[in-house]
Amino acid sequence: MKKWLSVLMLVSLTASLLAACGSAKSESAEGAEGSEGKSASKKVVAWAWDPSFNGAALKIAEELYKKEHPDFQLEVVDMAKTDLEQKLNTNLAAGVKDGLPDIILVNDPNIQKYVTAYPNTFADFTDKVDYSQFSPYKVDALRIDDKIYGVPFDIGVTGMFYRTDYLEQAGFKAEDLENITWDRYIEIGKAVKEKTGKYMSTINPNDEALTSILLQSGGSWYITPDNKGNFVDNPVMAETLRVYKAISDSGIAKPVTGWSEFVGSFNSGDVATVVSGVWQVASIMDAKDQSGKWGVAPIPKLNVEGAVNASNEGGSSWFVLEGSANKDLAIDFLAKTIGGSSEFYERFLKEKGGVGSYIPAFSSAAYGQQSEFFGGQAIYKDFTEWSKQVPGISLGTYTQEAKDALKNELPNILNGADLKDSLFNIQRLFEQQVQ
């Protein structure tokens with residue numbers, strides 16, 4: 001039995017005990033049951049983390065849906081992401097269905113893991129949403145065995161945020177950052193460091209964000225579509241790690257050890273660029289005194305065939321549980337709002353700063369707005385254009401195990417170990433973890 005599934009089954013006893021004592025049945029589910037039974041309810045229950053972002057998005061969708069369905073009710077149960085995932089896994093591994101919601105938020109890298117590990121648990125949306133209206137790579141994350149599960153939500157299309165003042169001091173203009181390679185990025189970084197004393201970026205060997213961005217920009221991933229390790233004989237992986245080590249060796253990157261240090265590096269003005277998802281906009285804008293000093297360019301490109309100046313970091317999607325008594329209502333609610341409403345995405349952007357992959361909304365005034373903080377650049381228009389170029393990949397079932405295997409070997413790579421030997425070691429460790 002695969003390691004991940006084995007871990008899930010270890011918690012099944014706990015779930016069974018919870019079910020036996022009735023504590024697995026949520027208060028919201030009981031409230032949905034009336035004298036006519038739960039199936040007659042006009043209410044759906046959703047689990048999500050981050051009420052100010054994900055929960056708020058559902059509330060926007062609820063307002064829009066109630067225009068045509070005034071009796072509709074939505075209850076959003078907020079919990080931490082790790083708690084949500086643990087509770088879901090515990091119940092599903094034990095076969096406990098009571099108390100589960102109608103709708104659940106799923107982090108994109110977990111999609112294939114959930115659908116594969118728990119067959120017939122999540123509703124098929126294939127014919128419920130016009131997926132041609134979404135950025136292809138976002139849909140690819142939902143597609144498993146010719147079926148599409150769930151509705152695409154927020155995206156993490158990446159960009160290279162940069163301090164225009166630092167780059168100008170080093171002799172570079174905005175056009176000098178357009179569609180460059182990573183080798184050129186390092187050259188520019190050396191000039192910036194020499195002439196301004198500022199680092200070009202940060203680096204954290206304990207975080208796989210950059211390697212993930214690099215891999216997807218080359219149309220590859222840590223594992224193959226059939227869940228095999230993708231480290232040996234993978235040109236994109238080899239180039240990704242070459243670039244990563246080159247950045248580290250060049251001296252242009254400031255070492256950081258966690259999220260706070262990472263954000264602090266650019267909020268305090270220590271670094272000239274930040275390669276990250278569009279959702280990083282809010283953190284960058286926290287430094288009010290830096291307004292007008294930032295711009296955004298496409299990310300650099302790997303030197304491999306098929307690579308592009310676009311990638312993705314993060315993102316999530318909405319799923320409906322197949323066993324939900326209100327499955328059809330939940331599907332209809334999501335399909336007509338998050339799955340097919342430009343108004344939803346315009347409000348989501350204006351009110352919460354959230355960016356989706358719904359292409360019809362890209363031409364709206366909301367997405368075309370100019371940002372004073374970013375020097376008058378229409379940053380959201382740029383991000384949405386880049387989102388159309390992001391390569392679609394299969395995230396597979398064992399992404400986290402593959403990332404862990406890589407992080408175990410990364411210090412050796414940075415210390416000069418032979419790359420071929422390191423890739424073989426990573427592959428072997430991954431296979432040991434999932435066998």
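Quantities reported herein were computed from a predicted structural model and do not represent experimental measurements.
- Side chains of Asn206 and Thr257: no donor on one and acceptor on the other come within 3.5 Å.
- No side-chain donor-acceptor contact under 3.5 Å links Thr196 and Gln169.
- Residues Glu187 and Lys190 are not paired through a salt bridge, judged by the lack of any N-O separation under 4.0 Å between the basic side chain and the carboxylate.
- With hydrogens and angles left out, the side-chain atoms of Gln389 and Asn309 include no donor and acceptor closer than 3.5 Å.
- Taking the charged nitrogens against the carboxylate oxygens, Arg163 and Asp165 do have a contact shorter than 4.0 Å, which makes a salt bridge.
- One finds no salt bridge joining Glu63 and Lys66 here, because no Lys/Arg side-chain nitrogen approaches an Asp/Glu carboxylate oxygen to under 4.0 Å.
- With respect to Lys81 and Glu85, a salt bridge is recorded, a charged nitrogen being found less than 4.0 Å from a carboxylate O.
- Judged purely by atom type and a 3.5 angstrom limit, Asn227 uses its side chain to pair as donor or acceptor with the backbone of Thr397.
- Under 3.5 Å, the side chains of Ser394 and Trp221 contain no donor-acceptor pair of N or O atoms.
- Cation-pi contact between Lys381 and Phe362: absent, since separation from the ring centre below 6.0 Å together with deviation from the ring axis within 45° is not met.
- With salt bridges taken as basic N to acidic carboxylate O contacts below 4.0 Å, one links Lys254 and Asp270.
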Inset, instruction - Could you check Phe333 against Phe72 for ring-ring contact (aromatic ring centres under 6.0 Å, His included), going step by step and ending with a plain yes or no? - result: CA-CA 9 Å; Phe333 162 62; Phe72 177 76; 4.8 Å; yes

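- Under 4.0 Å is where a charged nitrogen must lie from a carboxylate oxygen, and between Asp83 and Lys87 no such pair does.
- In summary, of the residues considered (Tyr358, Phe348, Trp279), a ring-ring contact (aromatic ring centres under 6.0 Å, His included) with Phe153 occurs for Phe348 alone.
- No hydrogens or angles considered: a donor-acceptor pair under 3.5 Å links the side chains of Ser52 and Asp50.
- Using modelled atom types, one finds a donor on one side chain and an acceptor on the other under 3.5 Å when comparing Ser276 with Glu313.
- Not one N or O on the side chain of Glu409 forms a donor-acceptor pair closer than 3.5 Å with the backbone of Ile426.
- Looking only at distances, a side-chain donor or acceptor of Asn267 sits under 3.5 Å from a matching main-chain atom of Ser283.
- A donor and an acceptor atom, one from each side chain of Asp404 and Gln400, are located under 3.5 Å apart.
- Using bins of under 30°, 30° to 60° and over 60° for the plane-to-plane angle, the ring pair Phe161/Phe383 lands in the tilted bin.
- Contact check on Glu168 versus Lys173 returns no salt bridge, with no Lys/Arg side-chain nitrogen under 4.0 Å from an Asp/Glu carboxylate oxygen.
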Inset, instruction - Test Lys97 against Glu322 for salt bridge (charged side-chain N to carboxylate O under 4.0 Å, His left out), laying out the working first. - result: CA-CA 10 Å; Lys97 301 297 177 67; Glu322 178 68 27; over 6 Å; no

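- A salt bridge does not link Lys336 to Glu68: none of the charged nitrogens lies less than 4.0 Å from a carboxylate oxygen.
- A donor-acceptor contact closer than 3.5 angstrom is absent between the side chains of Tyr166 and Thr273.
- Side-chain N/O atoms of Asn303 and Glu239 include no donor and acceptor closer than 3.5 Å.
- Put simply, the side chain of Gln369 gets close to the backbone of Ala366: a donor and an acceptor are under 3.5 Å apart.
- A side-chain donor-acceptor contact under 3.5 Å links Asn234 and Ser220.
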Legend entry - salt bridge (charged side-chain N to carboxylate O under 4.0 Å, His left out) between Lys43 and Asp71, worked out: CA-CA 8 Å; Lys43 176 182 180 179; Asp71 295 335; over 6 Å; no

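- A salt bridge links Asp108 to Lys138: one of the charged nitrogens lies within less than 4.0 Å of a carboxylate oxygen.
- Taking the six-membered ring for Trp, Phe319 and Phe122 have ring centres closer than 6.0 Å.
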